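Notes follow the structure.
Nothing here was measured: the structure is a model prediction, and the numbers come from that model. Just so it is clear, the values below take in all heavy atoms, side chains as well, and ignore hydrogens, waters and symmetry mates.
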Amino acid sequence: MIQHTGRHFLQIPGPTNVPDRVLRAMDYPTMDHRGPEFQVLGQEVLEGLKAVFKTEAPVIIYPASGTGAWEAALVNTLSPGDRVLMFETGHFASLWQSLAERLGLTVEFVPGDWRSGVDPQAVEARLAEDREKAIKAVCCVHNETSTGVTSRIGEVRAAMNRANHPALLMVDTISSLASIDYRHDEWGVDVTVAGSQKGLMLPPGLSFNAVSEKALAASQSAKLPRSYWHWDEMLGPNAKGFFPYTPATNLLYGLREALIMLVEEEGLENVLARHDRHAKATRQAVEAWGLEVLCRNPSEYSSSLTAVVMPDGQDADAYRKVVLERFDMSLGAGLGKLAGKIFRIGHLGAFNDLMLGGTLVGVEMGLIACGIPHKSGGVQAAMTYLAAEPGQAVSGHERRQAS
Ligand SMILES: *Cc1c(COP(=O)(O)O)cnc(C)c1O
């Protein structure tokens, strides 16, 4: 039995901590989803989401986990046997690959070392070779949550442009949206896939497709079967704020509140800067402990999580078990081939300096408790950095509540 005396620290890289304000915003009677009050809510969230994706394009909301939005992106735009280019950045990229294969797509999976992002030069080289334009889509995971590596999507787009290739660009932003800089329109992304339970600070249960005009045009001739996921079925009623089937009404109450907090109050750019700062403080701690960050390339460091390599011969899962049982904190496990070899510190969503401080204290106490070889002073290094580099004076998250 884990004793909860005070708050549990949910420091996995999603689902993330849900602010009290968002929980309270959902604690209302469910309304008629075909009535006038719902219409106002529907219009507000459908419109409000665009700022987070940095798009003018429609954003579709599904009552589904992120995996559903992956499927929706593929079945709306592609036909059986179509060739898609994917990159083995880690566990989530591998899951997307399996999903695509189960749907009957032909996946070209570019091998990777699970410590690096998508290589824009590799994208350009492969597309330049494809003279018959057989590749219909390039699919990337923006922030590979299993490794803490963020791919440079703007550079991937530039590489596609240099190759002058018409493939669609699809990007999974499930653990980067509202945490790491992302620009659907500017980067010419055709389908952006996202979920509710990470940077958007909501419980699991919603997922999203932001859809470019080019993707919409592709959907008119795509032949993969689809019904529940059909964009046209959604976009019709969405134009008036409604949904074709019962939406997750109470999650939408929460989404409305989260958008107020992120966009109107704190401001999206401040949200992103806060994540960068907490990630940097975390890396300073890891470095001071003498441990290794899994991500190889500093230009690909993730601002939503940090994956830490366990010293040789130490079991990351045994360590995480001690941290959970002794300090009531959940850290992320190594997934797939990284199982037992790394642990992941989530620092995304509703989060502040003292929550990060508590998180790092828990990590360091766990290292001591388990006798894992390390240098002391990680928490001190993070404190020194955070104290010297002030963030936003008021995060805004609790401002409305306090007033
Ligand atoms: C969490 C996550 C997923 C899986 O989303 P579900 O909501 O569990 O279906 C996919 N991709 C990335 C990058 C993720 O972080």
- request: Assess whether side-chain contact (heavy atoms from CB on, under 4.5 Å) is satisfied between Glu265 and Ile260, documenting all intermediate values.
  value: CA-CA 6 Å; Glu265 294 181 2; Ile260 291 171; 3.5 Å; yes
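- The shortest non-hydrogen separation linking Asn209 to Ala72 is OD1-CB, 3.3 Å.
- By the ring pair (Phe, Tyr, Trp, His ring centres under 6.0 Å) test, Tyr62 is found to be paired with Trp229, residues two or more places apart in sequence or in another chain being considered.
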Under 3.5 Å, which donor-acceptor pairs link side chains of residues 233-242 to any protein atom two or more places apart or in another chain?
from, atom 1, to, atom 2, distance (Å)
Asn238, ND2, Met234, O, 3.4
Asn238, ND2, Phe242, O, 2.8

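- Side-chain N/O atoms of Thr173 and His142 include no donor and acceptor closer than 3.5 Å.
- Val191 and Trp231 make their closest contact through CG2-CH2, 3.7 Å (heavy atoms, listed as atom of the first residue, atom of the second, distance).
- Summarising the geometry of Ala279 relative to Ser303, their closest heavy-atom pair is CB-CA, 3.5 Å, with the distance given to 0.1 Å.
- Pairs engaging residues 5-15 under the salt bridge (Lys or Arg N to Asp or Glu O under 4.0 Å) rule: Arg7-Asp20 [sequence neighbours left out].
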query: Can His347 and Ser304 be said to form a side chain to side chain donor-acceptor pair (under 3.5 Å), step by step?
result: CA-CA 5 Å; His347 35 71; Ser304 45; over 6 Å; no
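- Listed by first and then second residue, the salt bridge (Lys or Arg N to Asp or Glu O under 4.0 Å) pairs involving residues 155-175 are Glu124-Arg162, Arg152-Glu155, Arg157-Asp190 (not counting sequence neighbours).
- Within the 4.5 Å cutoff, the side chain of Leu251 has heavy atoms near those of the Met26 side chain.
- Listed by first and then second residue, the salt bridge (Lys or Arg N to Asp or Glu O under 4.0 Å) pairs that reach into residues 339-361 are Arg277-Asp353, sequence neighbours excluded.
- Atom CG of Leu41 is separated from atom CG of Leu255 by 8.0 Å, given to the nearest 0.5 angstrom.
- At least one side-chain heavy atom of Leu78 sits under 4.5 Å from a side-chain heavy atom of Met170.
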task: Determine, step by step, whether Arg256 and Leu252 satisfy the side-chain contact (heavy atoms from CB on, under 4.5 Å) criterion, reporting the C-alpha distance in whole Å, the side-chain angles of both residues, the deciding distance to 0.1 Å, and the verdict.
output: CA-CA 6 Å; Arg256 172 163 59 187; Leu252 297 181; over 6 Å; no
- request: Decide yes or no on salt bridge (Lys or Arg N to Asp or Glu O under 4.0 Å) for Arg283 and Glu287, but give the supporting numbers first.
  value: CA-CA 6 Å; Arg283 291 192 299 272; Glu287 194 186 319; over 6 Å; no
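- Residues Trp114 and Ser94 come closest through the heavy atom pair CZ2-OG, 3.9 Å.
- Every residue meeting the side-chain contact (heavy atoms from CB on, under 4.5 Å) condition with Cys370, not counting sequence neighbours, appears here in chain and number order: Tyr319, Val322, Ile372.
- Using a 4.5 Å cut-off on side-chain heavy atoms (C-beta onward), Met31 and Tyr253 make contact.
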message: Using the rule given for side-chain contact (heavy atoms from CB on, under 4.5 Å), can you reason through Leu95 versus Trp70, listing the C-alpha separation, both sets of side-chain angles and the distance that settles it, and then say yes or no?
response: CA-CA 10 Å; Leu95 290 177; Trp70 267 349; 3.7 Å; yes
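- Of all heavy-atom pairs spanning Asp328 and Gln3, the tightest one is OD2-O, 3.6 Å.
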May I have the list of side-chain donor-acceptor pairs in residues 194-204 shorter than 3.5 Å, sequence neighbours left out?
from, atom 1, to, atom 2, distance (Å)
Ser196, OG, Pro203, O, 2.8
Ser196, OG, Gly205, N, 3.4
Ser196, OG, Leu206, N, 3.1
Ser196, OG, Leu206, O, 3.3

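- Listed by chain and number, the residues in a side-chain contact (heavy atoms from CB on, under 4.5 Å) with Ile135 are Arg83, Leu85, Glu108, Arg126, Leu127, Asp130, His165, Ala167 (sequence neighbours excluded).
- Within the 4.5 Å cutoff, side-chain heavy atoms of Trp289 are placed close to those of Leu360.
- Take Thr55 and apply the side-chain contact (heavy atoms from CB on, under 4.5 Å) test, not counting sequence neighbours, and it matches Lys50, Phe53, Ala57, Val59, His184, Asp185.
- The ring pair (Phe, Tyr, Trp, His ring centres under 6.0 Å) test applied to Tyr228 returns Tyr245, not counting sequence neighbours.
- Using modelled atom types and a 3.5 Å distance limit, the side chains of Thr384 and Gln380 yield a donor-acceptor pair.
- The shortest side-chain heavy-atom distance between Tyr182 and Thr192 falls under the 4.5 Å cut-off.
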message: Show, in sequence, the C-alpha distance, side-chain angles and deciding distance for Ile180 and Ser302, and conclude whether the side-chain contact (heavy atoms from CB on, under 4.5 Å) test is met.
response: CA-CA 8 Å; Ile180 300 172; Ser302 169; 3.9 Å; yes
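- Here the two rings, on Phe243 and His33, have centers that are 6.0 Å apart or farther.
- For the salt bridge (Lys or Arg N to Asp or Glu O under 4.0 Å) condition, no pair includes a residue of residues 206-228, sequence neighbours left out.
- In this structure, Pro13 and Asn143 have side chains that are not in contact, with every pair of non-hydrogen atoms separated by 4.5 Å or more.
- Closest heavy-atom contact between Arg115 and Val309: NH2-CG2, 4.4 Å.
- In this structure, the side-chain contact (heavy atoms from CB on, under 4.5 Å) partners of Thr359, at least two apart in sequence or on a different chain, are Phe9, Gln11, Met329, Ile345, Phe351.
- Between the side chains of Thr145 and Ser175, at least one donor N or O lies within less than 3.5 Å of an accepting N or O.
- Heavy atoms of other residues, nucleotides or ligands lying less than 6.0 angstrom from CG of Asp32 number more than 12.
- In this structure, the separation between SG on Cys139 and CG on Leu169 is 8.0 Å, given to the nearest 0.5 Å.
- The shortest distance between side-chain heavy atoms of Glu264 and Leu259 does not fall below 4.5 Å.
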task: Please report the C-alpha distance between Asp317 and Arg320 in whole Å, then the side-chain angles of each, then the deciding distance to 0.1 Å, and finally whether the salt bridge (Lys or Arg N to Asp or Glu O under 4.0 Å) criterion is met.
output: CA-CA 5 Å; Asp317 291 338; Arg320 285 188 317 106; 3.2 Å; yes
task: Begin with the C-alpha distance, continue with both residues' side-chain angles, and end with the deciding distance and a verdict on salt bridge (Lys or Arg N to Asp or Glu O under 4.0 Å) for Glu266 and Arg274.
output: CA-CA 10 Å; Glu266 187 174 1; Arg274 167 164 62 80; 2.7 Å; yes
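- The side-chain heavy atoms of Val363 and Leu331, taken from C-beta on, include a pair separated by under 4.5 Å.
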